[in-house]
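Worksheet for the structure shown next.
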Amino acid sequence: MKKTAGTGAVDERLFLQSVARALDVLEAFAQSPRPKSLGEIAAATGVNKSAAQRIGQTLLARGYLERSENGRLTLGRRLLDRSFDYLRSNPLVERATPVLMDLRKLTGERVDLSLFDQETTVYAIRLQSKRETFYATLPGRRIPTFLSSGGRACLAQLPDAEVEEILARSELRAFTPKSRITLPEVWEKIREARADGYSWAAEEALIGEVVLSAAVLDGMRRPIGAVHIAGSLSEWSIEDFRRRFSPLAIEAARALSG
C-alpha cells in the first residue's frame, strides 16, 4: 500500500506513476512559486529533463502551466478553476459562508474557516479585517495542524492515541520565535482546548496576531474543520480577546457541526 497526502493508503496496483509525476511538477512550485526552468523542475521532482519537458508541455497545453515573460514555466490560471470547483462543491464551505459573514460583521475582525487534514490544516474561507498581511488574505494556505489554533482545536476532539500518531508524522518546526513546537507544549495546548472548548494562539504563526478557534464536528463527532477569529495584539490584550470572542467562535462552530 502507498501513503498519499490527505488520503491515507492507496493500493499500489491502482497507482498511476505518470499522473503522480504530473502532480509532482505542479507541487514543485509550492515552496518557491517563482517561474522555473525545465532543469529546476526536473531537480525538484526527481525526473530527468526529458520527462520534465513532456510533462511540462502537457500541462502547458491544458493551461495548468503558463509561460512567464522570461520563457520559464509558471503556474497557470486553470488551477483557479479547480479551486473554485472544490470550494463550491464542499458542503461545509457552503454552509459556513453565511455564518462567517455574520460573524465577521459582529466581530469586526478577520474570520476564517479551516479544514482539518490530519498533519495539516488548510484555510478554505478568509474574511478580512482592516489590517492584513498578504498571505493572511488567501484561501488555500496550509499550515501544520500542531501549530494552528484551529488544528489544535481539532486535535482536542480526538483520542490521545490518534493525536500521538498525527504528531509523530508531523514536522515540529517553528514559524515564529514564539511558536510552541515541543511535544509537551503542544500537548499542553491540546489539553487546554479540551477544557475550554476552544484553542488560542498568540504570535505562533504570525507576529502581532492573536487568534482563537473552535472545532467543527461531523455527525460522528469527528473534527472536520474549525472557525477562527483573529485580531491584532496592538488593539487587544490576549485576555480581553479571549473573553470577548471565544463564546462567538464556539457558537459558530456548533452551528456548523452535525
Side-chain angles (χ1 to χ4, degrees), residues 5-6 27 30-33 107 109-129 131-158 160 162-216 223-246 249-250 253:
E27 292 175 359
Q31 293 301 319
S32 176
T107 63
E109 303 292 341
R110 192 186 82 229
V111 299
D112 305 320
L113 175 75
S114 66
L115 303 179
F116 177 59
D117 197 15
Q118 296 294 308
E119 299 101 294
T120 58
T121 294
V122 59
Y123 291 99
I125 301 174
R126 313 203 82 174
L127 302 181
Q128 304 311 314
S129 68
R131 50 179 192 280
E132 293 300 344
T133 60
F134 176 57
Y135 289 116
T137 68
L138 301 176
R141 189 188 185 199
R142 188 181 290 269
I143 67 173
T145 293
F146 82 89
L147 185 67
S148 162
S149 63
R152 292 169 182 166
C154 289
L155 292 176
Q157 302 296 322
L158 297 175
D160 281 1
E162 193 168 347
V163 175
E164 288 174 355
E165 291 178 1
I166 292 172
L167 294 180
R169 298 194 302 267
S170 302
E171 180 186 0
L172 303 181
R173 64 182 181 89
F175 273 40
T176 77
K178 296 191 177 183
S179 299
R180 303 187 189 205
I181 62 172
T182 68
L183 286 176
E185 288 174 322
V186 175
W187 272 109
E188 180 184 2
K189 295 298 292 183
I190 292 170
R191 294 188 179 105
E192 179 186 61
R194 286 174 177 167
D196 294 341
Y198 71 97
S199 180
W200 67 273
E203 301 189 290
E204 293 196 54
L206 187 66
I207 292 296
E209 181 183 78
V210 56
V211 57
L212 57 82
S213 307
V216 178
I224 54 175
V227 172
H228 304 239
I229 304 175
S232 172
L233 288 172
S234 67
E235 298 180 2
W236 294 94
S237 70
I238 293 173
E239 294 75 16
D240 287 345
F241 190 84
R242 292 176 62 189
R243 187 182 306 110
R244 172 72 178 88
F245 295 122
S246 59
I250 292 170

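Start at 1 with the first residue, then count along the sequence.
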Rounded to the nearest 0.5 Å, what's the gap from [atom1] on [X] to [atom2] on [Y]? Could you check?
| X | Y | atom1 | atom2 | value |
| --- | --- | --- | --- | --- |
| L167 | W187 | CG | CH2 | 6.5 Å |
| I250 | D196 | CD1 | CG | 8.0 Å |
| L147 | S179 | CG | OG | 4.5 Å |
| Q118 | L155 | CD | CG | 9.0 Å |
| R141 | R126 | CZ | CZ | 6.5 Å |
| I229 | L127 | CD1 | CG | 11.5 Å |

With no hydrogens and no angle check, is any side-chain donor or acceptor of [X] less than 3.5 Å from a backbone partner on [Y]?
| X | Y | answer |
| --- | --- | --- |
| S213 | G150 | yes |
| E209 | S232 | no |
| T176 | E203 | yes |
| T145 | T120 | yes |

Are any non-hydrogen side-chain atoms of [X] and [Y] less than 4.5 angstrom apart?
| X | Y | answer |
| --- | --- | --- |
| L158 | P223 | yes |
| W200 | K189 | yes |
| V111 | V227 | no |
| F146 | I181 | yes |

Output all residues satisfying side chain to side chain contact (heavy atoms under 4.5 Å, CB included) with [X], sequence neighbours left out; order by chain, then residue number.
| X | answer |
| --- | --- |
| A201 | S149, R152, E204, V211 |
| R244 | W236, L248 |
| I224 | L92, V216, D218 |

Trace of the side chain to side chain donor-acceptor pair (under 3.5 Å) decision for E185 with T182
CA-CA 5 Å; E185 288 174 322; T182 68; 3.0 Å; yes

Residues which pass salt bridge (charged side-chain N to carboxylate O under 4.0 Å, His left out) with R243, listed by chain and number, not counting sequence neighbours:
D240

Going by salt bridge (charged side-chain N to carboxylate O under 4.0 Å, His left out), name the residues that satisfy it together with E27, two or more places apart in sequence or in a different chain.
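Testing E27 for salt bridge (charged side-chain N to carboxylate O under 4.0 Å, His left out), a comparison that skips the adjacent residues, returns none.
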
Looking at every non-hydrogen atom in both residues, tell me the closest pair between [X] and [Y] and how far apart they are.
| X | Y | value |
| --- | --- | --- |
| I166 | E119 | O-CG, 3.9 Å |
| I207 | P177 | CD1-CD, 4.4 Å |
| A202 | I238 | CB-CD1, 3.7 Å |
| A193 | A156 | CB-CB, 3.8 Å |
| A226 | C154 | CB-SG, 4.4 Å |
| G151 | T121 | CA-OG1, 3.6 Å |

Counterpart residues, side chain to side chain donor-acceptor pair (under 3.5 Å), relative to E165 (two or more places apart):
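Checked E165 against side chain to side chain donor-acceptor pair (under 3.5 Å); zero matches.
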
